[in-house]
Amino acid sequence: MTNPALAIVVGSNRRDSINRKLAQGIAKLAEARFDVKFVQIDDLPVYNQDHESDPPAPVTRLKNEIKAADALLFVTPEHNRSIPTVLKNAIDWGSRPYGQSAWGGKTAFVTGTTPGAIGTAMAQETLRTMLNFLGVVTLPAEAYITFKPGLIDEAGRIADESTRKFLQGFVDRLATLTAQTAPDKQRSAA
Ligand code: FNR
């Protein structure tokens, strides 16, 4: 039996994104239980309903990659107490045309990091509301990560042991939830 497919969506298009670094660290924790793939969202055009029925190629690619996934990992910054534009754009494209959303039925773990104290809590809450509306089964999670120098090491691993264990717990819970949701795709998660 194969591992379930995990699509990772990073809510930042910044070259040196700390959320991408964190996502790469979590990906290493997930590789034993998931087939992991990063989904590109920074080349999507701005959403326009006029183009829904004949979408640009990056939109078709995004939808195919999401449809192929069993589980989703979102690692997002917070922009002005909400999610960044680039992520909202991807969610909107993936949700349309009406009745043909790519998101429904997936499981998801939502997290994010910021140098600030509240660790993207507002952005995560906003994102979970959207995902629940779209039929994604989100892990009940409060994984608010304050980014500090040394959190990620040179090899891209989560160097801080307590953060690594904390996030490993959520990855394991996502594997269990995904096994319950798509049991044919899981080796032995439960
Ligand atoms: C921010 N930042 C920020 N941080 C936060 O904790 N809460 C917030 O509401 C905001 N708002 C905000 C708006 C905009 C437009 C920008 C550019 C930045 C700071 C943010 O956490 C910081 O830039 C991170 O480095 C963003 O993550 P990436 O892009 O490095 O992954």
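Whatever order the structure lists them in is the order used to number ligands and atoms, beginning at 1. Basis for what follows: all heavy atoms, side chains included, without hydrogens, waters or symmetry-related copies.
For ligand 1, residues of the protein lying within 4.0 angstrom by heavy-atom distance are Ser12, Arg14, Ser17, Ile18, Asn19, Pro77, Glu78, His79, Asn80, Arg81, Thr114, Pro115.
Legend: residues meeting side chain to side chain donor-acceptor pair (under 3.5 Å) with Tyr144, ordered by chain and number and at least two apart, are absent. Applying the side chain to side chain donor-acceptor pair (under 3.5 Å) test to Lys165 and every residue at least two apart in sequence or in another chain returns Glu161. Contacts of Glu125 classified as side chain to side chain donor-acceptor pair (under 3.5 Å), with partners at least two apart in sequence or in another chain: none.
Using a 30° and 60° split on the angle between ring planes, Tyr47 and Trp93 fall in the perpendicular class, above 60°.
Each of Asn3, Asp70, Thr107 was checked for a side-chain hydrogen bond (donor to acceptor under 3.5 Å, both in side chains) with Thr178, and the lone residue meeting it is Thr107.
Looking at every heavy atom in both residues, His79 comes nearest to Pro84 through ND1-CB, 3.6 Å.
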